[in-house]
Amino acid sequence: MLKRKKQPTEPSKPMPLHVAVIMDGNGRWAKARGLPREEGHRQGVENVKKIVECAQSLDLRYLTLYAFSVENWNRPKHEVNALMRLLESFLKSQATDLVEKKIRFRVIGRLQDMPKRVGKLLEKTIEETKDFDQWTLSLALNYGSRTEMLDAVQSYAKAVQRGSEDPDALNWETLQSYLYTGNMPDPDLVIRTSGEHRISNFLLMQSAYAEYYFARENWPDFGPECFRRAIDAYCARERRFGLTGEQIQSPSS
Ligand code: IPE
Ligand code: IPE
Ligand code: MG
């Protein structure tokens, strides 16, 4: 497992290894400017590029962005189509960049149910970047924690049927390896923009001990400066994982 880096200004507080973001508020950003919601999503994609760059400059090893939930299919068809088109053009324009920056690209979610054209591009980008191991950008697409749990339990049950898992030996480590995030550390910090205080079916199990940071800015306005502020806020907190503050401050006590 990778060791967390110390934050330069706070020698005792480590940097997060994995930051996950619920990128919310594109629609409201557009509405406030009298623009169509699609324009908010377009600006949201521009911000994704800036935040990916910022995360890499801070040497954050894992960045996971919630881009499309299983529930988002129920939005008006033209909005869903616009989001898929934006995803397609993002992948076309960023694939080379990701390779140049040595960023591994992953998807968490039911990739098999994405529209064919987007699915092919996603698979191509995953394949082209799979050998990089320093930085990982994951997009949560067609993602929902409950669907993820269903998929995990189903795969596990099939493994039991095949005889390759023993249900009496089941523990969290084994079950979590069946999640989409099985090969990633849990998020240390989950950020949600747009002033909403909810989780919306995102990384529910993985965030059991994550720190949450809720920002008022809508996603297109949540630029690198805001992102750094969130990281600073994280670094100023004390995580306890069920222990006492004293145990955390002097681990030998
Ligand atoms: C987040 O912005 C992007 C997606 C969910 C795809 P929204 O589109 O949810 O923006 P609001 O919440 O309506 O402002
Ligand atoms: C969560 O935002 C999903 C993404 C950011 C992709 P939503 O806008 O869909 O969440 P709710 O509906 O406000 O809970
Ligand atoms: Mg929203």
Side-chain angles (χ1 to χ4, degrees), residues 16 18-27 37 40-41 44-45 47-48 51-52 55 60-77 79-88 90-91 94 98 103-127 129-130 136-156 175-194 196-208 210 212-214 219 222:
H18 183 177
V19 176
V21 188
I22 304 173
M23 309 184 290
D24 197 15
N26 293 349
R37 292 179 57 86
H41 296 312
V45 173
N47 198 42
V48 165
I51 296 302
V52 170
L60 299 179
R61 300 307 187 92
Y62 291 86
L63 177 69
T64 299
L65 303 175
Y66 199 8
F68 195 85
S69 71
V70 290
E71 288 80 14
N72 288 150
W73 293 112
N74 299 321
R75 290 191 177 197
K77 202 168 177 346
E79 180 165 343
V80 172
N81 290 341
L83 282 163
M84 293 303 140
R85 277 198 304 275
L86 275 172
L87 179 58
E88 207 178 315
F90 171 80
L91 291 165
Q94 294 304 292
L98 291 170
I103 298 176
R104 174 170 53 195
F105 178 78
R106 282 182 176 162
V107 170
I108 56 168
R110 278 192 180 160
L111 178 55
Q112 68 274 24
D113 294 341
M114 290 296 284
K116 274 218 169 60
R117 268 199 359 220
V118 181
K120 280 210 174 101
L121 277 171
L122 289 167
E123 274 161 14
K124 184 168 171 277
T125 315
I126 293 168
E127 179 61 28
T129 61
K130 71 174 186 327
T136 302
L137 167 67
S138 307
L139 285 190
L141 286 170
N142 194 13
Y143 177 85
S145 274
R146 288 176 175 176
T147 341
E148 178 182 35
M149 190 47 85
L150 289 174
D151 287 350
V153 171
Q154 194 173 56
S155 307
Y156 175 78
L175 188 58
Q176 76 85 30
S177 72
Y178 285 86
L179 298 173
Y180 307 141
T181 53
N183 48 8
M184 274 189 238
D186 283 344
D188 300 296
L189 171 65
V190 178
I191 300 172
R192 183 172 188 143
T193 61
S194 88
E196 305 296 352
H197 294 78
R198 56 177 173 264
I199 305 309
S200 305
N201 205 7
F202 186 52
L203 299 179
L204 300 183
M205 297 306 293
Q206 297 88 335
S207 300
Y212 283 102
Y213 181 90
F214 297 100
W219 173 249
F222 190 80

Taking [X] for its side chain and [Y] for its backbone only, find out whether a donor-acceptor pair lies under 3.5 Å.
X	Y	answer
R192	H197	no
Y66	D24	no
N142	R110	yes
N72	S69	yes

Start with the C-alpha gap between Q206 and M184, add the side-chain angles, then the distance that decides, and say whether side chain to side chain contact (heavy atoms under 4.5 Å, CB included) holds.
CA-CA 10 Å; Q206 297 88 335; M184 274 189 238; over 6 Å; no
Just say parallel, tilted or perpendicular for the rings of Y156 and Y178, cut-offs at 30° and 60°.
perpendicular
Work out which heavy atom in [X] is nearest to a heavy atom in [Y]; give both atom names and the distance.
X	Y	result
V107	F105	CG2-CE2, 3.8 Å
W219	N47	O-ND2, 2.8 Å
P187	A210	O-CB, 3.4 Å
H41	N26	ND1-ND2, 3.1 Å

For F68, which of F202, W73, F90 qualifies under ring pair (Phe, Tyr, Trp, His ring centres under 6.0 Å)?
W73
M84 side chain near N81 side chain, heavy-atom distance below 4.5 Å
no
